[in-house]
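Let me begin by presenting the structure, written as structure tokens, before commenting on it.
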Amino acid sequence: MKYLIVSVLIILFLAFLYWAYLPDYKRDPKEFRRTIIGMPIGMLLGGLGFDVLNDMIKRWAMDKGEKDKKKDKN
């Protein structure tokens with residue numbers, strides 16, 4: 001019974017990710033992967049006080065277009 005509940009929760013979570021992020025994935029798959037990987041890791045590192053590592057993850061997850069916009073503002 002426990003395995004069934006965990007399996008259903010995992011399936012619901014994956015279905016939510018698919019439904020919520022499908023437009024982002026279609027727009028730019030490379031950026032999507034960086035967002036899905038970078039966001040949870042960055043949040044965890046920021047919460048634990050590893051600000052330098054968190055900034056490194058943010059720079060990695062940021063695409064070239066966003067970097068160029070940020071440079072233009074400065």
Side-chain angles (χ1 to χ4, degrees):
M1 186 65 177
K2 213 181 336 180
Y3 297 112
L4 179 65
I5 293 171
V6 171
S7 298
V8 168
L9 290 175
I10 289 172
I11 290 170
L12 287 174
F13 178 71
L14 292 174
F16 169 76
L17 285 179
Y18 177 78
W19 175 75
Y21 291 108
L22 184 62
D24 289 336
Y25 180 77
K26 286 182 178 179
R27 187 174 44 238
D28 190 2
K30 187 176 181 182
E31 182 181 331
F32 173 76
R33 288 186 207 111
R34 289 181 175 187
T35 301
I36 291 297
I37 294 169
M39 287 297 289
I41 293 172
M43 289 172 55
L44 178 66
L45 291 174
L48 294 175
F50 295 106
D51 294 331
V52 174
L53 293 174
N54 188 17
D55 290 338
M56 289 173 62
I57 294 289
K58 283 180 186 176
R59 282 193 303 260
W60 172 76
M62 196 182 317
D63 71 327
K64 187 176 182 340
E66 288 180 21
K67 287 180 185 176
D68 291 341
K69 288 177 192 174
K70 195 172 185 178
K71 285 180 185 177
D72 291 341
K73 288 181 181 178
N74 292 333

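Scope of the values below: all heavy atoms of this structure, side chains included, with no hydrogens, waters or symmetry mates. The structure displayed is predicted, hence computed values, not measured ones.
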Check: I10: what forms a side chain to side chain contact (heavy atoms under 4.5 Å, CB included) with it, not counting sequence neighbours?
Finding: V6, L14
Next item on the list: Indicate, with yes or no, if L12 and L4 share a hydrophobic cluster defined by side-chain heavy-atom contacts under 4.5 Å among Ile, Leu, Val, Met, Phe, Trp and Tyr.
Entry: yes
Checklist line | Sequence-distant partners of L44, side chain to side chain contact (heavy atoms under 4.5 Å, CB included), two or more places apart | finding: L48
Check: Shared ILVMFWY cluster between F50 and M43, side chains joined below 4.5 angstrom?
Finding: no
Margin query: Distance check, rounded to the nearest 0.5 Å: R59 atom CZ versus N54 atom CG?
Written below: 10.0 Å
